[in-house]
S.K.: 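Below is the structure I would like to discuss, written out as structure tokens.
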Amino acid sequence: MITDRSVFRDDTPPRELMHRESEVESLLRAWGPTLHGEAGDEVILSGSSGVGKTSLAKHTIDRLEARDTVDHCYIECLGVSSDALLRDVIHAHPEASVPGRDATPAALTEALREAVERPMIVVLDEIEGLPDSDALDRLADVPQLSTVAICHDATRWRTRLGREDVDARYQDATHIAVDRFGVSQLADILRARARAGLADDVVTRSQLEAIGDEVAGVARFGIQALRAAAERADERGVYRIHDADVDASFERARQRIRKMNLRSLTLHHHVLYALVHAAGELSGVELHERYDAIAPRAYAESTLTPIVRRTRRNHLRKLEAYGLITREGEGSTQYAVVDASIQSPITIGKIHS
DNA sequence: TATCCACCGGAATTTATGGAAG
DNA sequence: CTTCCATAAATTCCGGTGGATA
């Protein structure tokens, strides 16, 4: 039934971006100056996760390139140091000479300033994951360079950053709020994917709308649900997707997305997350106690060794940054899972005893 | 209220990793 | 293959904070 698996991969861009005409227009307008050799406007793309912010940016850059080539690069910011970010940008530039390893931050900025003579667009995905705003300051020193800040909540990001200069730079940025799709819009998108990746006529319009409704307009979730429904139908050996396959698809899709989110994390994170998940909510004290208790077993089959408390706190912060847990409290911190249906890939045996 | 205690998180220090040069 | 170097991760150190207790 599935004829092309790649159609459902999370990193496969849509062949045709549907129902985002006005957003594409806004972006092209912001980038208009790049066609005349000037820097584009700064852009903020905000919207909940999975609605297609990244796809929108990538697709529109392609549209722009159809008119004229524009230097650009795409950077996943989560946990990236400002040095690493700058190096990524330099590396992506076709003519930049990559500075040696011992280059100072100022030298990196200078190298970039020299290289960027034509307009360049830097897409900063998950910008809320940047440890600080140093990299943004440096990028601001490059005249021909403009950025696209992709975040979940624009005002929260800017206030939390707390840097007036950075805030001022994005003050008159083009702000595009990327909304969830409507049920019928998402059904259109899913139909296009079905045509590209599934056999003919295996899914009905009303089934696609049922998916669009259940996933509340989140494209990533919807696409994975469609894939899961097709997989389930295949397993059962039927030739069309039945409503029961659709019903069962959502939990599978959730699991797949959860796996994608957790994949980049280490065993340390998994162990900590599993402990928080098992408890639902617990204090830092309890968490550390339980970690110590299960650590020998949790790490038994790994080359890694258990980590000390201070390091655990850093890892917990990362889990928070990934939206997997919440942290609250000043003196003693309370940890809680954001979504109890998201399980850790590892299982903790007995936590007590 | 004063004191103790454990925890938090910033900063300094050490250790691990990886890549280039000899 | 070793040596060197730089970066990133892990650890240690430590001042600050809040809650418990007398």
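Chain letters run A, B, ... following the sequence lines, proteins first and then strands; every chain starts at 1.
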S.K.: Would you indicate which nucleotide in dC7(B), dG9(B), dT11(C) comes nearest to any side-chain atom of Val285(A)?
M.R.: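 Of all the options, the side chain of Val285(A) is nearest to dC7(B).
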S.K.: When the distance from CZ of Arg309(A) to P of dC14(C) is rounded to whole Å, what number comes out?
M.R.: 19 Å
S.K.: State plainly whether the residues Asp141(A) and Arg113(A) are in salt-bridge range, i.e. N to O under 4.0 Å.
M.R.: no
S.K.: If you check the His315(A) side chain, which of dC7(B), dG9(B), dA10(C) turns out closest?
M.R.: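 Comparing dC7(B), dG9(B), dA10(C) against the side chain of His315(A), the answer is dA10(C).
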S.K.: If only side-chain N and O atoms count, and only distance matters, is there a donor-acceptor pair under 3.5 Å linking Glu42(A) with Ser146(A)?
M.R.: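 There is no such pair (donor and acceptor under 3.5 Å, judged by atom type) between the side chains of Ser146(A) and Glu42(A).
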S.K.: Glu328(A) has an atom CD; how far is it from atom P of dG9(B), in whole Å?
M.R.: 13 Å
S.K.: Rounding to an integer number of Å, can you tell me how far Asp88(A) CG sits from dA8(C) P?
M.R.: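 Distance check: Asp88(A) CG to dA8(C) P gives 10 Å.
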S.K.: Let me know the distance between CZ of Arg312(A) and C1' of dA10(C), rounded to the nearest Å.
M.R.: 13 Å
S.K.: What is the separation between atom CG on Leu86(A) and atom P on dA6(C), rounded to the nearest whole Å?
M.R.: 19 Å
S.K.: Starting from C1' on dC7(B), measure out to CD on Gln334(A) and report it in whole angstrom.
M.R.: 13 Å
S.K.: Please state how far atom CG in Leu287(A) lies from atom C1' in dC8(B), giving the value in whole angstrom units.
M.R.: 13 Å
S.K.: The test is ring-ring contact (aromatic ring centres under 6.0 Å, His included); show your working for Tyr335(A) and His277(A) and say whether it passes.
M.R.: CA-CA 10 Å; Tyr335(A) 296 98; His277(A) 182 266; over 10 Å; no
S.K.: Assess whether one donor atom and one acceptor atom, taken from the side chain of Arg310(A) and the base of dG9(B), lie less than 3.5 Å apart.
M.R.: yes
S.K.: Could you check which of dG9(B), dT11(C), dA10(C) has an atom nearest any side-chain atom of His268(A)?
M.R.: dA10(C)
S.K.: Looking at His288(A), I'd like to know whether one of its side-chain N or O atoms comes within less than 4.0 Å of OP1 or OP2 on dC8(B).
M.R.: yes
S.K.: If the test is side chain to side chain donor-acceptor pair (under 3.5 Å), which one of Glu320(A), His269(A), His268(A) qualifies with His315(A)?
M.R.: His269(A)
S.K.: From C-beta outward on Arg87(A), which listed nucleotide comes closest to its side chain: dC8(B), dT11(C), dT7(C)?
M.R.: dT7(C)
S.K.: Are Leu267(A) and Ile325(A) connected in a single hydrophobic cluster, I mean Ile/Leu/Val/Met/Phe/Trp/Tyr linked by side-chain heavy atoms less than 4.5 Å apart?
M.R.: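 Yes; Leu267(A) is reachable from Ile325(A) via cluster members.
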S.K.: Tell me the interatomic distance from Glu320(A), atom CD, to dC8(B), atom C1', rounded to whole angstroms.
M.R.: 14 Å
